[in-house]
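Notes follow once the structure below has been shown.
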Amino acid sequence: MGLPQVIDVPEALVASYTRNGGDEERAWVARLPRLVAELIDRWGLERDGGLACGEASLVVPVRRTDATRAALRLQMPREETTAALIGLRAWDGEGIVRLLDHDPESSAMLLERLDASRTLARVEDDDLAMGTLAAIMGRLHRVPAPEGLRGLGDVAREMLASVPAAATALTDPADRRRLGAWASAVTELAGDPGDRMLHWDLHYGNVLAAEREPWLAIDPEPLVGDPGFDLWPALDSGWEELRAAGDAPRVVRRRFDLLTEALGLDRPRAAGWTLARLLQNTLWDIEDGRTVIGVSQTVVAEALPRR
């Protein structure tokens, strides 16, 4: 007998939506079991393994009528879920998980099944892992950006507008100077934000082993902009392990060199757009109530080549 079609929503996902959301979010989580059952019936699927979830999404392993393995992914409809659908359709499996079907109303996706137990973080040779990630990133950047995606120029302008108020929340004058320097770097670059389709969250944990290819990317948050804006998640991969080993600055510098060389990027420009990511992360941290710049942000900034 197969697994039941009606699921119990994982407690971690319920807690995430309860903690971070309101009535709309709680209603969506409450409807999830019925939605999963409806989609399984509509697409002729059969459950094929245990549930998985992140902070915002639920993944249900399934088999299609032709016995191929797939993954049903559900996340509350947001701007980022719409962008992911646009990006996955445009990439069509080029270096990334393939979109097999989707439900426009709920934003649910039926995806190619990858091996979630094997991420690029399991590759012990960091140069090899980073080279693999760089090759995937380059393939993603080469696909022309479709209409309907947000542009980096708008993101940069919004960040710069938020800096004056955010700076007042920082308690350390050195942190306020850092924030100002990063904002200056963004100001220099904002007039030429780029036109490539970016993943925006490509790190070791978002590259999984696959059958169609050895490794494929997952969980994109597509944005149109300069490839340099895509580097920070890779530079920061496995931060806690790097910090514990006391090796973070050297590894970040090495990774930056490998990525910029493999992608053919202008190093000063890539460094500037990486500072933009650090600015973005810090602004988000301040919104969440933090009053100091995170250690990982300062270490990455200091490891970058001087502009």
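- The minimum heavy-atom distance linking P233 with D230 is given by the pair CD-O, 3.6 Å.
- Taking both residues in full, the closest heavy atoms of M197 and A90 are given as CE-CB, 3.8 Å, listed atom of the first, atom of the second, then distance.
- Remark: side-chain polar atoms of T68 are not paired, donor with acceptor, to backbone N or O of R64 under 3.5 angstrom.
- Applying the side-chain contact (heavy atoms from CB on, under 4.5 Å) test between W43 and each of I40, D41, L39 identifies L39 as the sole match.
- By the 4.5 Å heavy-atom criterion applied to side chains, L265 and L231 are counted as neighbours.
- Checked against D226 for a salt bridge (charged side-chain N to carboxylate O under 4.0 Å, His left out), the options R277, R269, R196 give a single hit: R269.
- For the pair R98 (side chain) and D92 (backbone), a donor-acceptor distance under 3.5 Å is present.
- To the nearest 0.5 Å, the span separating CE on M159 from CG on N281 amounts to 9.5 Å.
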Dump the intermediate steps for side chain to side chain contact (heavy atoms under 4.5 Å, CB included) on I136 and L140, then the final yes or no.
CA-CA 6 Å; I136 290 173; L140 298 179; 4.2 Å; yes
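- Comment: R63 does not engage E46 in a salt bridge, judged by the lack of any side-chain N to carboxylate O separation of less than 4.0 angstrom.
- In this structure Y17 satisfies the ring-ring contact (aromatic ring centres under 6.0 Å, His included) test together with W28, sequence neighbours excluded.
- Note on ring orientation: taking the six-membered ring where Trp is involved, the planes of F229 and W200 are tilted (angle from 30° to 60°).
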Verdict with reasoning, E38 to R31, per salt bridge (Lys or Arg N to Asp or Glu O under 4.0 Å)
CA-CA 11 Å; E38 289 172 359; R31 184 174 175 259; 3.6 Å; yes
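- Side chain of R178 to backbone of A301: no donor-acceptor contact under 3.5 angstrom is found.
- Listed for the D48 side chain is no donor-acceptor partner under 3.5 Å among the backbone atoms of P61.
- For E211 and R69, the salt-bridge test passes: some basic side-chain N is under 4.0 Å from an acidic carboxylate O.
- The shortest non-hydrogen separation linking I286 to A169 is CG2-CB, 3.7 Å.
- Remark: D172 CG to L179 CG distance equals 12.0 Å, nearest 0.5 Å.
- The distance from atom CG of L198 to atom CD of E221, rounded to the nearest 0.5 Å, is 11.5 Å.
- Inter-residue side-chain proximity for T187 and L160 is flagged as met; some heavy-atom pair is nearer than 4.5 Å.
- With rounding to the nearest 0.5 Å, the separation of CD in Q75 from CG in L13 is 9.5 Å.
- In terms of modelled atom types and a separation under 3.5 Å, the side chain of D101 and the main chain of L110 share no donor-acceptor contact.
- For D8, the CG atom counts as loosely surrounded, since its 6.0 Å shell holds 12 or fewer non-hydrogen atoms of other residues, nucleotides or ligands.
- For R89 (side chain) and L99 (main-chain N/O), no donor-acceptor pair under 3.5 Å exists by modelled atom type.
- Under the 3.5 Å distance criterion, the side-chain polar atoms of R73 are left unmatched by any main-chain donor or acceptor of S57.
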Under the side chain to side chain contact (heavy atoms under 4.5 Å, CB included) criterion, do V292 and T171 qualify, and how do the steps go?
CA-CA 6 Å; V292 296; T171 56; 3.9 Å; yes
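- The two atoms that bring S296 and D236 nearest to each other are CB-OD1, 3.7 Å, heavy atoms only.
- R19 meets the salt bridge (Lys or Arg N to Asp or Glu O under 4.0 Å) test with E55; sequence neighbours excluded.
- By the 4.5 Å heavy-atom criterion applied to side chains, E302 and V252 are not counted as neighbours.
- In this structure a side-chain-to-backbone donor-acceptor pair under 3.5 Å is present from N206 to D201.
- Side chain of E158 to main chain of V155: no donor-acceptor pair is present (N/O by atom type, distance under 3.5 Å, no hydrogens or angles).
- Contact check for L74 versus L35: side-chain heavy atoms found under the 4.5 Å cut-off.
- In this structure the side chain of L72 never reaches within 4.5 angstrom of the side chain of R47, judged on heavy atoms.
- Within a 6.0 Å sphere centred on CG of D125, other residues, nucleotides and ligands contribute more than 12 heavy atoms.
- Looking at V9 and P33, their side chains come closer than 4.5 Å, going by heavy atoms from C-beta outward.
- One distance of note links CZ of R122 with CG of L208; it measures 11.5 Å at 0.5 Å rounding.
- Hydrophobic clustering places L263 together with L258 (ILVMFWY residues linked when any side-chain heavy atoms are closer than 4.5 Å, directly or through intermediates).
- The pair R254-D247 does not meet the salt-bridge criterion, since no charged nitrogen lies less than 4.0 angstrom from a carboxylate oxygen.
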Set out, in order, the CA-CA distance, both residues' side-chain angles and the distance that settles side chain to side chain contact (heavy atoms under 4.5 Å, CB included) for Q280 and W182, then state yes or no.
CA-CA 10 Å; Q280 183 178 60; W182 298 349; over 6 Å; no
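- A distance-only check finds a donor-acceptor pair linking the side chain of S237 to the backbone of Y204 [under 3.5 Å].
- For the pair R139 and W91, the cation does not sit on the ring face, since its NZ or CZ is not both under 6.0 Å from the ring centre and inside 45° of the axis.
- L170 and V295 fall into different hydrophobic clusters, defined by Ile, Leu, Val, Met, Phe, Trp and Tyr side-chain heavy atoms under 4.5 Å apart, directly or through other members.
- Separation of atoms CG (L242) and CH2 (W239) is listed at 7.0 Å; rounding is to 0.5 Å.
- Across all non-hydrogen atoms, the minimal contact from S106 to P77 is O-CG, 3.5 Å.
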Using the rule given for side chain to side chain contact (heavy atoms under 4.5 Å, CB included), can you reason through D103 versus R42, listing the C-alpha separation, both sets of side-chain angles and the distance that settles it, and then say yes or no?
CA-CA 10 Å; D103 176 44; R42 183 193 311 171; 2.9 Å; yes
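- Annotation for A234 and L259: closest pair CB-CD1, 3.9 Å, computed over non-hydrogen atoms.
- Between V163 and L279, some side-chain heavy-atom pair lies under the 4.5 Å cut-off.
- Side-chain contact check for E25 versus M76: some heavy-atom pair is nearer than 4.5 Å.
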